[in-house]
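Notes follow once the structure below has been shown.
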There are 2 protein chains.
Amino acid sequence: METPLSDPVSHPTSTRSPLPTDLHTAKLAKAPIEQRAKIFAALADPTRLHIVELLAQHRELSGSEIATQVGISLALFCHHSKILAEVGLLDIRRDGQTKYNSLNQTLLMDCCNYFLQRCEQQS
Amino acid sequence: METPLSDPVSHPTSTRSPLPTDLHTAKLAKAPIEQRAKIFAALADPTRLHIVELLAQHRELSGSEIATQVGISLALFCHHSKILAEVGLLDIRRDGQTKYNSLNQTLLMDCCNYFLQRCEQQS
DNA sequence: AAAATAGTTAAACAACTATTTAACTAAAAT
DNA sequence: ATTTTAGTTAAATAGTTGTTTAACTATTTT
């Protein structure tokens, strides 16, 4: 398993540090292009995109809640959540037997800024 | 072949209309999730991401220029450019036997704004 | 006219991936 | 203690996709 681009320890869901976006985007730029591509690959599947869009609006949802909302089995959600977590897009908090998933908005914004910066300083 | 989300006629490379981003993002929101996922799928391959990042910095490049820069055959570039053009990320202008490719920055920004809007108005 | 350049297309192949199903662990509720 | 509930894991399958190779068209150059 690869180390995700965003460190869940230094950027937890509830208390995300207000660092300038340039720092994150710089971190993303140093990463190999394969790792950047994997973030988009995580968003490339309709089922996963549905999950991400759902979490963009609801902050925190349990696995069962997401599975029923999206209309898939819990087993399938587990499969997709693993892919989202592996690239660092999913923050997971556990409480008893339920796991609460939230979106790493910072990483999502960094991916956007990564392009926008290059478009601005065009040669 | 599906109709791309961005209309290359109303938004050509050289004279892109300065419409507010909300209109584009709204158009993206109305599109089925499969079509949105396909845009990310286009960015999910390292070779294609390399092409996109190259075009984010150089505005316009020919197929041969891109192929040599990225280090792939022209046949392989042709394959990838078709996928990028199909989702509307690539604007193509022809001059004689060479085709000049440019990035549809508007669509790329719309994809970013699509998430960011949802994150802001979180419930 | 012949050769080089730019691009397209199709076939073949290997590698990967989304989904289903079933068997499993662990915590909570009855 | 038994039964739900929540989540994980593995195997099997079908479908998709990236790359290579070779044959092709059309434009430009010599």
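The figures that follow rest on heavy atoms only: side chains count, while hydrogens, waters and symmetry mates do not. Order of the sequence lines sets the chain letters (A, B, ...), proteins ahead of strands, with each chain counted from 1.
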### Task
May I ask you to evaluate whether Ser64(A) reaches the phosphate of dG7(D), defined as a side-chain N or O under 4.0 Å from OP1 or OP2?
yes
### Message
In this structure, how many angstroms lie between the P atom of dG7(D) and the CG atom of Leu90(A), rounded?
### Response
12 Å
### Query
Quick one: side chain to side chain donor-acceptor pair (under 3.5 Å) pairs with a partner in residues 67-80 of chain A, sequence neighbours left out?
Arg48(A)-His80(A)
### Message
Applying a 4.0 Å non-hydrogen cut-off, can you work out what Ile66(A) is touching in the nucleic acid: base, sugar-phosphate, or nothing?
### Response
nothing
### Query
Does a salt bridge link Arg93(B) with Glu60(B), judged by any charged N lying under 4.0 Å from a carboxylate O?
yes
### Task
Just say parallel, tilted or perpendicular for the rings of Phe40(A) and Phe115(A), cut-offs at 30° and 60°.
tilted
### Matching residue for Ile39(B) among Leu84(B), Asp110(B), Leu107(B) - test: side chain to side chain contact (heavy atoms under 4.5 Å, CB included)
Leu107(B)
### Query
Counting only N and O atoms by type, is there a donor-acceptor contact under 3.5 Å from the side chain of Glu86(A) to the main-chain atoms of Ile83(A)?
no
### Task
To the nearest Å, give me how far apart CD (Gln69(B)) and C1' (dA6(C)) are.
17 Å
### Task
Starting from C1' on dT17(D), measure out to CD1 on Ile83(B) and report it in whole angstrom.
8 Å
### Partners passing side chain to side chain donor-acceptor pair (under 3.5 Å) against Gln97(A) (at least two apart in sequence or in another chain)
none
### Message
Taking Pro46(B)'s backbone N and O only, do any of them form a donor-acceptor pair with His50(B)'s side chain (distance below 3.5 Å, no angle check)?
### Response
no
### Message
Enumerate the salt bridge (Lys or Arg N to Asp or Glu O under 4.0 Å) contacts for residues 114-123 of chain B, please, sequence neighbours excluded, ordered by first and then second residue.
### Response
none
### Query
Of the candidate nucleotides dG7(D), dA26(D), dG18(D), which contains the atom at the shortest distance from the side chain of Arg94(B)?
dA26(D)
### Message
Using modelled atom types and a 3.5 Å cut-off, is there a donor and acceptor pairing between side-chain atoms of Asn104(B) and backbone atoms of Asp91(B)?
### Response
no
### Query
Tell me: CD of Glu34(A) to P of dG18(D), nearest whole Å?
14 Å
### Task
Answer whether the closest heavy-atom distance between the side chains of Leu90(A) and Ser102(A) falls below 4.5 Å.
no
### Task
Applying side chain to side chain donor-acceptor pair (under 3.5 Å), run through Arg94(A) and Tyr100(A) and close with a yes or a no.
CA-CA 6 Å; Arg94(A) 192 187 145 167; Tyr100(A) 292 97; over 6 Å; no
Using the 3.5 Å cut-off, write out each protein N or O paired with an N or O of nucleotides 8-11 of chain C and the distance between them.
| unit_1 | atom_1 | unit_2 | atom_2 | d |
| --- | --- | --- | --- | --- |
| dT8(C) | OP1 | Lys99(B) | NZ | 3.1 |

Every protein N/O lying under 3.5 Å from an N/O of nucleotides 28-30 of chain C:
| unit_1 | atom_1 | unit_2 | atom_2 | d |
| --- | --- | --- | --- | --- |
| dA28(C) | O4' | Gln97(A) | OE1 | 3.3 |

### Message
With the threshold set at under 4.0 Å for non-hydrogen atoms, list the residues of residues 43-51 of chain B touching DNA chain D in residue-number order.
### Response
Asp45(B), Thr47(B), Arg48(B)
### Task
Give the nucleotide from the list dG7(C), dA18(C), dG18(D) with an atom nearest to the side chain of His80(B).
dG18(D)
